Amino acid sequence: MTRFPTDFPTHFPLAPNATIGLVGGGQLGRMSALAAARLGYRCHILTRETDSPAAQVSHAVTISDYSDPVSLRAFADAVDVISFEFENVSAEGLDLLDSIRPVRPAPSVLRISQDRVNEKTFLNGAGVATAPWARVDSRQELDEAVQRLGLPAVLKTTRLGYDGKGQAMLRTPADLDAAWDRLSPKPLVLEGFIDFDREISVVVARGADGSLSSFDTVENRHRDHILDLTLAPARISEATDQAAQAIGRRVAEALDLIGLLAVEMFVDSAGTVLVNEIAPRPHNSGHWTIDACPASQFELHIRAIAGLPLPPATRHSDAVMKNLIGPDGMALWPAALVEPGVIPHLYGKAEALPGRKMGHVTKLFPRGALPGDFGIEAALGRLSQT
Ligand code: AMP
């Protein structure tokens, strides 16, 4: 494709006061912009929303649709490097941005993570295990996929699914028609149901020189398909931990990633680790790193895309992160401000709609002192109430 003439090339490492363009205006962009500011960089946000969480704490904002070439070009011209917290930019949009300024991680990485079929094909090709899966493009292919994978199974849209949206659980053959009617005509993928023991994740940063920094494996607990708690570190065997860490590193290397990557995994009852999905950006299961690590996932994200050295992703404390979701989450905010030892974070969103991530809290424990399940409830005090 045509490369547009640029009036200045980007030099890495980015000099102090350089401008980082971030696509997406949500809380991940907000916390990335705060980390960038501490390192002496400015952020310019591209978002559809007015008054977005990220723009509230940034130097500049372009408010536009993610597909308008005029706005994309103006945004790219105004920054030194481009990254994102929102992954669903069109392929053409990404190529346009990348023709003007470096996009990190590269557009090729987003094309993989944006689409569950591309993602699973890539992961399996890199020797990384996933749930058994089949692409489903017609009602007949759904029957064939169910024959092959058995029930229960989970039918998902290949694109734009998050927090359990765009998916249906299939328990019996009677569930197929309703699931098909609800999710088609979008391209779909059927996944075998994993009767997991735990859900875990690894967040890893990779620099342009191939250096890797990987945070400790954490355990994630969901409620209504939305992340509720992250426990750091995950309470898993040494072998499972090593397997999860090796997968995180392998995926980052296979993607030739420059930036940050979260890998969400299931651990089944036999201790086998299977990847559910990957996200080449900061991740909700890494929010605890702001309070429990000398350098957070957001700092590592900014360092990686700016070409700065990556420090080791060390953890000085054990931690529990709890999301504050929707009106129920906001009802806990007064308690979050007074509960002893709880570190509160609020994202600046105007309306507490059901299911919307409004903020989170982190509770720290000395290393090795993360309590057992009942202890977690007690440690969160009034915040364990939802
Ligand atoms: P996803 O949108 O793919 O991250 O799925 C959201 C949640 O649904 C996951 O965190 C799991 O709790 C559950 N889930 C998704 N896929 C499967 C699967 N194949 N087997 C069992 N549970 C699943």
Side-chain angles (χ1 to χ4, degrees), residues 26 28 85-88 110 112-124 128-136 142 145-172 175-176 179 182-183 186-203 217-232 234 236 240 244 247-248 251 261-287 321-323 325 354-357 360:
L28 302 174
E85 61 117 53
F86 170 87
E87 288 166 69
N88 293 305
L110 268 95
I112 291 169
S113 69
Q114 278 174 348
D115 181 295
R116 290 188 197 272
V117 168
N118 291 352
E119 183 179 67
K120 290 175 198 301
T121 306
F122 167 82
L123 288 167
N124 296 161
V128 173
T130 58
W133 63 278
R135 185 189 168 126
V136 171
L142 176 58
V146 168
Q147 286 274 313
R148 188 152 75 75
L149 303 182
L151 292 178
V154 188
L155 187 64
K156 300 181 179 179
T157 55
T158 59
R159 289 177 160 259
L160 300 174
Y162 67 98
D163 289 347
K165 293 188 173 67
Q167 59 177 270
M169 178 77 189
L170 307 180
R171 290 190 178 81
T172 71
D175 294 334
L176 270 61
R182 180 157 71 81
L183 299 176
K186 298 199 174 108
L188 303 175
V189 61
L190 187 73
E191 290 179 22
F193 179 79
I194 305 300
D195 188 14
F196 56 79
D197 244 19
R198 287 171 203 280
E199 291 187 84
I200 61 173
S201 59
V202 167
V203 173
T217 313
V218 296
E219 179 178 337
N220 300 315
R221 305 262 177 93
H222 295 80
R223 183 183 289 217
D224 301 330
H225 294 284
I226 304 176
L227 185 66
D228 176 35
L229 295 177
T230 294
L231 315 183
I236 48 179
T240 303
I247 288 171
V251 176
L261 174 78
V263 184
E264 292 182 50
M265 295 167 267
F266 300 125
V267 185
D268 72 12
S269 47
T272 308
V273 179
L274 302 166
V275 172
N276 175 27
E277 60 184 3
I278 63 174
R281 53 165 172 76
H283 192 259
N284 196 168
S285 70
H287 290 2
M321 187 285 312
K322 181 178 173 63
N323 271 333
I325 294 173
R356 183 177 274 181
K357 291 172 180 168
H360 73 270

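Order of appearance sets the numbers: ligands from 1, and atoms from 1 within every ligand. Bear in mind that the values here come from a model prediction, so they are computed numbers and not experimental data.
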- Message: Just to be sure I'm reading this right: ignoring hydrogens, which of Met169, Glu191, His225 gets closest to atom 19 (N) of ligand 1? Compare them by their nearest heavy atoms.
- Response: Glu191

- So, is Ile194 polar-close to ligand 1, with some N/O to N/O distance under 3.5 Å? yes

- What atoms in ligand 1 come closer than 4.0 Å to a heavy atom of Phe193? 20 (N), 21 (C), 22 (N)

- With no hydrogens and no angle check, do the side chains of Thr157 and Gln167 hold a donor and an acceptor under 3.5 Å apart? no

- Determine, considering heavy atoms only, which of Glu264, Glu199, Met265, Lys156 sits nearest to atom 9 (C) of ligand 1. Glu199

- Give a yes or no on whether a salt bridge exists between Glu191 and Lys120, defined as a side-chain N under 4.0 angstrom from a carboxylate O. yes

- Item | Test salt bridge (charged side-chain N to carboxylate O under 4.0 Å, His left out) applied to Asp115 - qualifying residues, sequence neighbours left out | Arg159

- Phe266 vs Phe196 aromatic rings, parallel, tilted or perpendicular, using cut-offs 30° and 60°? parallel

- contact_flag Gly166 ligand 1 heavy-atom lt 4.0 Å: no

- Item | Proximal atoms of ligand 1 relative to His222 (non-hydrogen, under 4.0 Å) | 10 (O)

- Item | Flag for Ser269-Asp195: side-chain donor and acceptor within less than 3.5 Å | no

- So is Ala131 polar-close to ligand 1, meaning N/O to N/O under 3.5 Å? no

- Query: Considering residues at least two apart in sequence or located in another chain, which fulfil the ring-ring contact (aromatic ring centres under 6.0 Å, His included) criterion with Phe122?
  - Reply: none

- Between Asn276 and ligand 1, which residue portion shows a heavy-atom distance shorter than 4.0 Å: side chain, backbone, both, or neither? side chain

- Message: Closer than 4.0 angstrom, basic N to acidic O: yes or no for Glu85 and Arg281?
- Response: no

- If you compare Gln167, Arg221, Glu277, Arg116 by their heavy atoms, the one closest to atom 8 (O) of ligand 1 turns out to be Gln167

